[in-house]
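Just the heavy atoms: all of them, side chains too, but no hydrogens, waters or symmetry mates, feed the values below.
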Amino acid sequence: MQETPGPLAGLEQAAHLHSLAERIHHAADDLPAPECAHSLAGISAEVEDQVRVIAGIFASLAHEAAVHGRPAKRLSGAEDSLAHRKVALLTRAADPLGWALAKLGEAVAQIGRLHEISAGPRTPEQARSIDTARAALGDRLFSAHRHLTAASGTLHRDADLLVKAVSGARRAPTAPPAHPNRPPAVLPAPVSPTASRTLR
């Protein structure tokens, strides 16, 4: 009979999911806002920083999946079930993270386009081109933020479900054995007020 992971393992997994979700949430919050009036250099630096952060998280998810898929790491019983559940829950964030990185790649392309336009002569056409490229950059940043928020929300919900499942398992009462022929327990006889006053 296969052993199932204990409640403590479930709580540890939930804590790991919440921690990863918070890292992704902070990365989303640290992206420059689409409507921000920062300089191009400032936006470029902020995008670079978050690309590194998000790529690092994505790499860690790929590493988790690769490590637990190696034959040398294959376990049995409860540990194997726990490892599979951990990888399955963690990698649910991989798809939206990948989309976020793709949108940030498009944002970097728009930053390059803005550098190219800014190097030209100052004309009304240049101003319109800059506005168009800025709008495209803001759209890509907004999309990246949306995908990161989706990844963070998914991990938080999975962690909450894990905690709920573990808490329910720990609180579930054990039904006493049925004894239909057993008489009800005899309650202790009440003590009369007179008797209680004499016992001092």
Just wondering, do [Y] and [X] contact through their side chains at under 4.5 Å, heavy atoms?
X	Y	result
Val47	Leu141	yes
Pro32	Gln50	no
Asp49	Asp30	no
Thr149	Ile24	no

Rounded to the nearest 0.5 Å, what separates atom [atom1] in [X] from atom [atom2] in [Y]?
X	Y	atom1	atom2	result
Leu97	Leu155	CG	CG	8.0 Å
Ile130	Leu137	CD1	CG	12.5 Å
Lys103	His145	NZ	NE2	15.5 Å
Ser118	Gln126	OG	CD	6.0 Å

Q) In the single-linkage hydrophobic clustering (I, L, V, M, F, W, Y; side-chain heavy atoms under 4.5 Å), do Trp99 and Leu101 co-cluster? A) no

Q: Kindly work out whether a path of hydrophobic side-chain contacts (I/L/V/M/F/W/Y, heavy atoms less than 4.5 Å apart) joins Phe58 to Leu17.
A: yes

Q | Intermediate values then yes/no, side-chain contact (heavy atoms from CB on, under 4.5 Å), Leu31 and Leu104 | A | CA-CA 10 Å; Leu31 283 175; Leu104 289 176; 3.8 Å; yes

Q: I would like to know whether Leu114 and Arg134 meet side-chain contact (heavy atoms from CB on, under 4.5 Å); could you show each step before the answer?
A: CA-CA 8 Å; Leu114 282 166; Arg134 275 272 189 171; 4.1 Å; yes

Has the side chain of [X] got a donor or acceptor atom that lies under 3.5 Å from a matching backbone atom of [Y]?
X	Y	value
Gln110	Arg140	no
Ser152	Ala21	yes
Thr91	Ala94	no

What pair of heavy atoms forms the shortest contact from [X] to [Y], and how long is it?
X	Y	answer
Ala65	Val87	CA-CG1, 4.0 Å
Leu61	Leu90	CD2-O, 3.6 Å
Ala14	Ala159	O-CB, 3.5 Å

Q) Does a donor on one side chain and an acceptor on the other come within less than 3.5 Å for His25 and Asp29? A)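 Judged by distance alone, the side chains do pair up.
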
Q.
The test is side-chain contact (heavy atoms from CB on, under 4.5 Å); show your working for Asp158 and Arg92 and say whether it passes.
A. CA-CA 9 Å; Asp158 286 341; Arg92 280 165 58 85; 2.6 Å; yes

Q: Keeping to residues at least two apart or across chains, list the side chain to side chain donor-acceptor pair (under 3.5 Å) pairs with something in residues 14-23.
A: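 Sorted result for residues 14-23: His18-His156, His18-Asp160, Glu22-His156.
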
Q: Output all residues satisfying salt bridge (charged side-chain N to carboxylate O under 4.0 Å, His left out) with Arg157, sequence neighbours left out; order by chain, then residue number.
A: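 None.
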
